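So the structure is just underneath, and the comments pick up after that.
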Amino acid sequence: MRKSIAIIILSAIIPTLMYGFTLSAQNKQVVELKTVVIDAGHGGHDPGAVNGKIYEKNITLSVAKRLGDLIKRSYPSVNVIYTRDDDTFVELYKRADIANKNNADLFISIHVNAVDNRSVRGHETFVMGQDKNSENLEICQLENSVITLEDDYTSNYQGFDPKNPESYIIFSLLQNAHLEQSLDFATLVQQNAEAGPITNNRGVKQANFIVLWKCTMPAVLIELGFLTNQNDMRALTDKNSQQRIATNIFKAFQTYKKNYDTDIYIPSGDNGTSGTVPVQEPSVQSSEFGIQIMASSRLLPPDAAAFKGWQCSYIKSGKLYKYYIGGYSTREEAKRDLQRIRKSFPEAFIIKTE
C-alpha cells in the first residue's frame, strides 16, 4: 500500500519538476491532421482530358475514392471528405468552399494531364504560386478553363478570364500562407510516385490554379500522368495501376500526417504566472518580453501547423520547447498585442524571455 501511495505522489510531482508546471488533461493538447478533402477533378458535363472514349473525370474519381478508402481504413478518426463521389459537375469555387467550410487540414486535387506532344509523360504535383514557365501556364489555363462551363463565372471569380494571361497578374500579388506545407506534401507525393506504375518524375511546380487559390489550408494539385501518352494511358486506365497510384499518394499522406501531428502543452495560470521561468538556452529571437502560446515535447519547424501562420521563437525548459510570439521591449508593448494573438491562441500570456 505504501509503495502504491509513493508512486501516486511521484507521478504528480515529477511533471512539475521537469516542466515547471503540472501537465493535466487540460494542459495537454494534440495538434493533428483531422480532416482531408479529396477533390476528383472535373465531372458531369465536364469530362476533362479526353482520349477516344477515355475521360479524365472517370480516372480521377476512381483514384480519389481509392485514396479515401485507404485513409479511412488506416485512420478511422480522420474525416475524409470528397468534393464529389459520383459523376457530377462541381464548380471550382465550390470545391475550395467545401474544404474551407469543413476546416480541412489538407486539400488534394487529383487530375490527369494532356498535351499535343504524345511523347510527354510522367507525374507532377503543383502548389499555388507564380511561375512564368509557359508550359505550366498552358496547363494552368487548361484546368482553369473549366470555370467557363459554370453559370455567371465572371461574378464568381471577380472577372477572371482563364484565357487571358493578364488575368494571372492578380496571383503575383498574393502570398500563399501555406506554401511550405504544401511543398512538403507535394514533394512526398512525387517521391512516392516514383515507385510506379508511372515512374517519370516531372517534379514539384508552382502554378496559379484557381482551385488552389481559393483554399485556406495546405493544398496540392496532382497530375497523375498524361492521357495523351500511350504508356501513361495504359496505367491510368488499369484498375490495379489506379490502386497503386492511390497507394503512393496514401504513403505520402502517412508521412505528412506523422510530421504534422504533435503534442503541445499550454501552461495553466493567471496571465501565465506559472510555467514562465526563464531558462539559459538562447531563443531564436532575443527580447525581454514575449507572448507564450504553447509548449511542445519536440522542436517544431518554423512553418508548423500549430503556429497557425504566426512567426514564433522558443526557449527550452526541461524537455519542453516553449513557443512565444515577440519580442517586445516592455510589458506594455506585449499587452497591446495580447488580445490580437488570443484570437488565435485563447490561453496565450505574457512571459519574460530574458
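A quick note: this is a predicted structure, and the numbers were derived from the prediction, not measured.
For the pair E56 (side chain) and H42 (backbone), a donor-acceptor distance under 3.5 Å is absent. Using modelled atom types, no side-chain atom of Q242 and backbone atom of T60 make a donor-acceptor pair closer than 3.5 Å. The backbone N or O of N229 sits nowhere less than 3.5 Å from a side-chain atom of R234 that would complete a donor-acceptor pair. The backbone N or O of R84 sits nowhere less than 3.5 Å from a side-chain atom of T88 that would complete a donor-acceptor pair. Between the side chain of R121 and the main chain of D232, no donor-acceptor pair closer than 3.5 Å is present. The backbone N or O of G225 lies less than 3.5 Å from no partner atom in the side chain of N113, so there is not a single donor-acceptor pair. For R66 (side chain) and R244 (main-chain N/O), no donor-acceptor pair under 3.5 Å exists by modelled atom type. Between the side chain of T228 and the main chain of D116, no donor-acceptor pair closer than 3.5 Å is present. Side chain of N102 to backbone of T35: no donor-acceptor contact under 3.5 angstrom is found.
Listed here is the closest heavy atom pair of H123 and L224: CB-O, 3.5 Å. Between F289 and A334 the shortest heavy-atom distance is CB-CB, 4.5 Å. Smallest separation of non-hydrogen atoms from A99 and F107: CB-CD1, 3.7 Å. The two atoms that bring L299 and Y323 nearest to each other are CA-OH, 3.4 Å, heavy atoms only. Scanning both residues, V211 and S109, for their nearest heavy atoms gives CG1-OG, 4.3 Å. In this structure, C215 and A219 approach most closely via the heavy-atom pair CB-CB, 4.0 Å.
We find the OG-NZ distance between S62 and K239 to be 4.5 Å, quoted to the nearest 0.5 Å. In this structure, CD1 on I59 lies 9.0 Å from CE on M233, to the nearest 0.5 angstrom. Rounded to the nearest 0.5 Å, atoms CD1 (I350) and CD (Q292) are 12.0 Å apart. Within the model, atoms CZ of R336 and CZ of R331 stand 13.5 Å from one another, a figure rounded to the nearest 0.5 Å. How far OG1 of T247 is from CZ of F253: 14.0 Å, rounded to the nearest 0.5 Å. Rounded to the nearest 0.5 Å, atoms CD (Q254) and CG (L70) are 9.0 Å apart.
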Which atom pairs, one a donor and one an acceptor, fall under 3.5 Å between side chains of residues 47-55 and the rest of the protein, sequence neighbours left out?
unit_1	atom_1	unit_2	atom_2	d
N51	ND2	L227	O	2.9

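Partners of F250 by ring pair (Phe, Tyr, Trp, His ring centres under 6.0 Å), not counting sequence neighbours: none found. For R340, the salt bridge (charged side-chain N to carboxylate O under 4.0 Å, His left out) partners are D337, not counting sequence neighbours.
Using a 4.5 Å heavy-atom threshold, the side chains of L221 and T125 count as separate. Looking only at side-chain heavy atoms (C-beta outward), I108 and F185 come within less than 4.5 Å of each other. Considering only heavy atoms from C-beta on, E288 comes within 4.5 Å of K352 through its side chain. In this structure the side chain of I293 reaches within 4.5 angstrom of the side chain of C312, judged on heavy atoms. In this structure the side chain of I81 never reaches within 4.5 angstrom of the side chain of V36, judged on heavy atoms. The shortest side-chain heavy-atom distance between Y324 and I315 falls under the 4.5 Å cut-off. Using a 4.5 Å cut-off on side-chain heavy atoms (C-beta onward), V80 and I38 make contact. Side-chain contact between T83 and V37 is present, with heavy atoms from C-beta onward closer than 4.5 Å.
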Evaluation steps, side-chain contact (heavy atoms from CB on, under 4.5 Å), between V189 and N248: CA-CA 7 Å; V189 169; N248 291 336; over 6 Å; no
Criterion side-chain contact (heavy atoms from CB on, under 4.5 Å) on L188 and K251, from CA distance to verdict: CA-CA 8 Å; L188 291 169; K251 289 179 179 178; over 6 Å; no
Audit row: T187, Q191, side chain to side chain donor-acceptor pair (under 3.5 Å) steps and yes/no: CA-CA 6 Å; T187 301; Q191 290 173 346; 5.9 Å; no
Pair T199-E194, side chain to side chain donor-acceptor pair (under 3.5 Å): steps then yes or no: CA-CA 5 Å; T199 57; E194 289 179 352; over 6 Å; no
Chi angles and distances behind the salt bridge (Lys or Arg N to Asp or Glu O under 4.0 Å) call for K57, D46: CA-CA 8 Å; K57 67 176 184 177; D46 169 26; over 6 Å; no
L300 and F307: CA distance, side-chain angles, deciding distance, side-chain contact (heavy atoms from CB on, under 4.5 Å) verdict: CA-CA 9 Å; L300 302 177; F307 298 151; 4.0 Å; yes
Worked check of side-chain contact (heavy atoms from CB on, under 4.5 Å) between L106 and Y260: CA-CA 11 Å; L106 180 64; Y260 185 104; over 6 Å; no
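The number of heavy-atom neighbours closer than 6.0 Å to NZ of K72, taken from other residues, nucleotides and ligands shown, is above 12. Annotation: K335, atom NZ; neighbour count of heavy atoms from other residues, nucleotides and ligands within 6.0 Å does not exceed 12.
With salt bridges taken as basic N to acidic carboxylate O contacts below 4.0 Å, one links D39 and R95. With respect to D105 and K34, no salt bridge is recorded, no charged nitrogen being found less than 4.0 Å from a carboxylate O. Between D261 and K257 there is a salt bridge, since at least one side-chain N of the basic residue sits less than 4.0 Å from a carboxylate O of the acidic one.
Taking the ring centre of Y314 as origin, the terminal cationic atom of K322 falls outside the region bounded by 6.0 Å and 45° from the ring axis.
The aromatic rings of H45 and F89 sit tilted, their planes meeting at an angle between 30° and 60°.
In this structure, a donor-acceptor pair under 3.5 Å is absent between the side chains of H111 and E223.
By the criterion of side-chain heavy atoms lying less than 4.5 angstrom apart, applied directly or through intervening Ile, Leu, Val, Met, Phe, Trp or Tyr residues, L61 is not grouped with L236; the two fall into different hydrophobic clusters.
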